[in-house]
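By convention in this document, chain letters (A, B, ...) are assigned in the order of the sequence lines, proteins followed by strands, and residues within each chain are numbered from 1.
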There are 2 protein chains.
Amino acid sequence: MTGTPSRSTDSANGPAARRSDASRSAILAAARERFAADGYERATIRAIAKDARIDPSMVMRYFGSKDGLFAAAVTLDLRMTDVSQVPPTEVGRALVGHFLDIWEANEELTAVLRVAVTNKAGAERLQGIFRDQVVPVAQRVCPDPEQVATRAGLCAAQLMGLALTRYVVRLPPVVALAREEIEAWLGPTVQRYLTAPSP
Amino acid sequence: MTGTPSRSTDSANGPAARRSDASRSAILAAARERFAADGYERATIRAIAKDARIDPSMVMRYFGSKDGLFAAAVTLDLRMTDVSQVPPTEVGRALVGHFLDIWEANEELTAVLRVAVTNKAGAERLQGIFRDQVVPVAQRVCPDPEQVATRAGLCAAQLMGLALTRYVVRLPPVVALAREEIEAWLGPTVQRYLTAPSP
DNA sequence: TAGGCTTGTCAACAAGCGTTGGCCAACAGG
DNA sequence: CCTGTTGGCCAACGCTTGTTGACAAGCCTA
């Protein structure tokens, strides 16, 4: 998999592959899963270490503390660059679909959301994601630059509400929705929040 | 069992006033506050008891366990009966306003939301509130009886998303919104989810 | 082969948790 | 008065948590 562990060239090859990389990534994967399923407090270092089949003290050695582990495990990239390529009237629907993709691809967003609710650092992480990744996208579709933040916030409220009810609280009617239904219902909403004239 | 410590009339006077009622309600108030601010795990019995200026063991005596305390502290009544009195075209806006009222009147809804994210019993409590109090209201405004649950779920997603971003995660642009702005933006959304033809 | 990092195991620590039971003071009814 | 019930505090229990340090085995270089 890793091919050459690169003992020789260390200069431009990134941070020098270590023998423990397998353990590191096993811990990170287990951590993501536990944080997503249990939230911050109930995702214990001991449980994560057990999932990764490793000693809890190794988690501490590699990541310093539980906070450090969370910071290392949850680095979220929404990959929202291609929004300018869809027709302007379909931006809402495309964004809804994109978020559904991300939400179902892995558990990182669920982890962020769950942790953000009970942990201050988690909430700040989510605020940062919104500021650095959501607002800039809204900036490209939104007419009035003064309203960008507000409109992005409205979209976030709608999309995170969907995620909350569908993936976390699991309200039965929201869980039962098909992908196309979600796009058809929420697409126009997001579209309006982004582009409609201010009411 | 309980005997009759009541001084005078015990027949139709409810559950017989006790000498400890002041302590009981102090505990319940502190519990609501802590659950809303910290979520289930971090809202410790010891902290709640300290807020209520009482010994932790009394909390156990009165409410049996931490689960029992949560069940007793968070009994949520959305008071959603008067929806039939507003003009049918204004139902969405009225509902948004009503929820803002409830959310800002006390901290119970925030408590339910925060606990529902990390605690299974909390999630079931929220599902019950949705089933028993939200869906029936939608039933009265919604044309097609087969779609009532779906449409109620969509409204819940939008409204809980607002609450999540405004009162829990505190995204700055959402916190900054004025009440009229929220009603103007979300009202039409909720209205559409409830009454517009299925897309 | 010797010596220094790295990776891993094990046992323990202090702190905090929910929970329990015993004890004392204040009250109530006879 | 005495007696039983109630309200309250205190000290402790068993357990789990994040975190630490000592120590053995493995690898790499010299």
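Following rounding to the nearest Å, A:Asp55 (CG) and C:dT9 (P) show an atom-to-atom distance of 6 Å. Following rounding to the nearest Å, B:Glu41 (CD) and C:dG18 (C1') show an atom-to-atom distance of 13 Å. Distance B:Met60 CE to D:dA11 C1': 16 Å, rounded to the nearest Å. One can place CG of B:Asp21 at 14 Å from P of D:dT6, the figure rounded to the nearest angstrom. Going from atom CD1 of B:Ile45 over to atom P of D:dC10 covers 18 Å, rounded to whole Å. Going from atom CD1 of A:Ile48 over to atom C1' of D:dG18 covers 12 Å, rounded to whole Å. When rounded to the nearest whole Å, the span between CZ of A:Arg53 and P of C:dG8 equals 14 Å. Summarising the geometry, the separation between CE on B:Met58 and C1' on D:dG8 is reported as 5 Å, rounded to the nearest angstrom.
The listed nucleotides are D:dT20, C:dT19, C:dA12; the one nearest the side chain of A:Arg46 is C:dA12. Side-chain atoms of B:Pro56 lie closest to C:dT19 of the nucleotides D:dT19, D:dG26, C:dT19.
At D:dC9, none of the side-chain N or O atoms of B:Ser57 fall inside 4.0 Å of OP1 or OP2 (strictly under the cut-off).
Remark on DNA chain D: of its neighbouring residues B:Ile54 and A:Arg61, the 5'-side contact belongs to B:Ile54, judged by nearest-heavy-atom nucleotide.
Side-chain polar atoms of A:Ser57 and A:Asp55 form a donor-acceptor pair below 3.5 angstrom. Looking at A:Gln191 and A:Thr89, their side chains never bring a donor and an acceptor atom within 3.5 Å of each other. Side chains of A:Tyr62 and A:Ser23: no donor on one and acceptor on the other come within 3.5 Å.
Across all strands shown, B:Tyr62 has heavy atoms under 4.0 Å from sugar-phosphate atoms exclusively, and none from any base. Using a 4.0 Å heavy-atom criterion, one finds that B:Ser23 contacts the sugar-phosphate atoms exclusively.
Using bins of under 30°, 30° to 60° and over 60° for the plane-to-plane angle, the ring pair B:Phe35/B:Phe70 lands in the perpendicular bin.
Summarising the geometry, atom CG belonging to B:Leu126 is positioned 13.5 Å from atom CZ belonging to A:Arg170; distances are rounded to the nearest 0.5 Å.
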